[in-house]
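Just so it is clear, the structure is predicted and the values come from calculations on it, not from any experiment. Below, chains carry the letters A, B, ... as their sequence lines are ordered, and counting in each starts from 1.
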Amino acid sequence: MGSEAVGVSLSKKAQSDEARGVALDAYARVPGFYTLFRTELVLAARRRSDIVNPLLFFVTVLAMMPLGIGPEPEMLSRMAPGLIWVMALLATLLSQESLFRGDYEDGSLEQLALQPQPLYFPVLAKVLVHWLVTGVPLALLSPLLGMMLNLGAEGYWPLFVSLVLGTASLSLIGAVGAALTVALRRPGLLLALIIMPLYVPVLIFGTGTVQAALDGYSFGPQLAVLGAILAVAAALAPLASAGAIRISLEN
Amino acid sequence: MSWQWFHRLGSPRWFYQKSSAWLPWLGGAALLLLSVGIVWGLGFAPEDFKQGNSYRIIYIHVPAAFLALAGYYIMAISGAIGLIWKMKLSFVVMRAAAPIGAALTFIALFTGAVWGKPTWGTYWVWDARITSMLILFFLYLGVMALSGAFSREQSGDKASALLALVGTVNIPIIYKSVDWWFTLHQPATLKLTEASTIDPSMFYPLITMIAGFYLFYAWVLTLHTRTMILQREGRTQWVRELLGAPAPTKA
Amino acid sequence: MQFQFDSLASFFAMNGHGPYVWASYGMVVLVLVVLAVTPVLRQRKLRREFQQQLRQEEARRRAAAARSASQRTAEAVE
């Protein structure tokens, strides 16, 4: 239900954006971006399990952590930012495998690639939807997990903001890996192997944001770096994914 | 300017024939420099007054670390040349460079860990440089795993070349962020700053070893490339003749 | 420049740091040798496989030639 509400408000926003787009030159408009974005969002809302499973994974594994390392509140609160961030990394990665898979298998990815327009915008639309259905819910859920892991009160807001910014970068970077491995039969572990090292900066600055806030410093610089990473990733990652999709389609 | 040499360079056959003349020189020079450097470093360089004899590991650790990083760029650049100019040879070089680079990264990690025991009292420290090396090792493993995962050779070539390129964009970011992360968490008991000045009597053997490692790298890369050329071009006439098949007779 | 150790034994002991230094150098030599030897071994294997393949092709060609020859004699007899 919640996801449908999100979908409605977003499609309204998309319509107003489209109305603005009509005023522009036909070529300046991003062709097919909004249509694809809306379709993807509807599809994602229909496949509930794709949204819910990463979240369940996130919560379940985090619930295992105190069982593994002990229930001492001080230790848990020290480890909380790192644990939550690593779990967000894994949850994003696991859900990323299916990013292009369905489209690859039913041939619509090939149709997209055959269009005269660059693949950049279709990829960006898909990644945006992926982020809306995994990254944003993860960030929304993070205060609950922070509470379970005894996170300090001043850490909640930085955790949420850093997760919102960071998971968008994770979705973008992971899309490159998903596009590279879409033609393989069992990409799961390989995807983790090739993408995990690329996640390192996001992880460092994500946990750094929360840690700075917990230590009583300003966390603006770390957030700024996360934003810079997101800007670079948004510019380059869809390009790399588009190239990777073309390579995969040749296979 | 004539581009003929450039296109000739793309032909595996031309490379195979030319490189057989280089091989003995490269191999001989590498062996000479490496053996001189090892004897010099182990026996004739003076003992370090602070670290004792364990500092002699520097003569293999630093050159290996240099080449581990340079090797990644060599791999990524040859992959990029392959993607842009569709050159067969450069993909072969890229694939040959991956295991060599991984082996050198492993050497740097291993010697760093063994050096750490007498110096810091522990084998593994999450020091910025060691951590970056470890991530570099994972990047190499990712490229190797991806290139081997495709059943069609050309797809594996292109996909791993793209991944290597994405890694190149990320390496400076990863290095910087790991550096920042380490200064944040640096334990006060470990002072890892090295003396910036090094006595010439210790420096000359180091230079010798670095030059030796570079030559060795060039030699081994040529050897691996030649082997892979034979493997890939096994059906062509020139390889068949090279391997001892009779020239085709007009039937 | 002179040899820094009094004896070969002290050279191996390295003032107590021997195990670390020699383990590192040993590992490096091992890895470098493996790097240099694997392509040579693989080339040898490729050559061997190719020779075998050549022999098979040769045998097949000879068999085909013999078959066609015997066929021709059979036709001639008829």
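For a residue to count as touching a neighbouring chain, one of its non-hydrogen atoms must lie under 4.5 Å from one of that chain's; by this rule A:Thr207 does not touch chain B. At a 4.5 Å heavy-atom cutoff, the contact between A:Leu190 and chain B is made by side-chain atoms alone. For chain B, the nearby part of A:Leu236 is the side chain; its heavy atoms alone come within less than 4.5 Å. Contact annotation for B:Ile174: both backbone and side-chain heavy atoms come within less than 4.5 Å of a heavy atom of chain A. Heavy atoms of B:Val169 lying under 4.5 Å from chain A belong exclusively to its side chain.
The most heavy-atom pairs under 4.5 Å with chain B, out of A:Asp215, A:Ile194, A:Ile173, come from A:Ile194. With chain B as the partner, the residue from A:Ala244, A:Pro201, A:Ser248 showing the most heavy-atom pairs under 4.5 Å is A:Pro201. Note on A:Leu180, A:Leu198, A:Val232, A:Val200: by heavy-atom pairs under 4.5 Å with chain B, the leading option is A:Leu180. With respect to chain A, the highest number of heavy-atom pairs below 4.5 Å among B:Gly142, B:Ser151, B:Gly156 belongs to B:Gly142. In terms of non-hydrogen atom pairs under 4.5 Å with chain A, the most contact-rich of B:Val166, B:Leu146, B:Ile173, B:Asn170 is B:Leu146.
In this pair, B:Phe110 and B:Phe106 present their aromatic rings tilted. The plane angle is within the 30 to 60° band.
More than 12 heavy atoms of other residues, nucleotides or ligands sit less than 6.0 Å from atom CG of A:Leu114.
Remark: aromatic rings of B:Phe213 and B:Phe66 are distant, center separation not under 6.0 Å.
Considering only residues two or more places apart in sequence or on other chains, A:Ala228 meets the side chain to side chain contact (heavy atoms under 4.5 Å, CB included) condition with none of them.
Between A:Ser142 and A:Ile84 the shortest heavy-atom distance is O-CD1, 4.4 Å. Summarising the geometry of B:Gly212 relative to B:Ala30, their closest heavy-atom pair is O-CB, 4.2 Å, with the distance given to 0.1 Å.
Looking at A:Tyr199, its side chain does come within 3.5 Å of a backbone N or O of A:Leu170 through a donor-acceptor pair.
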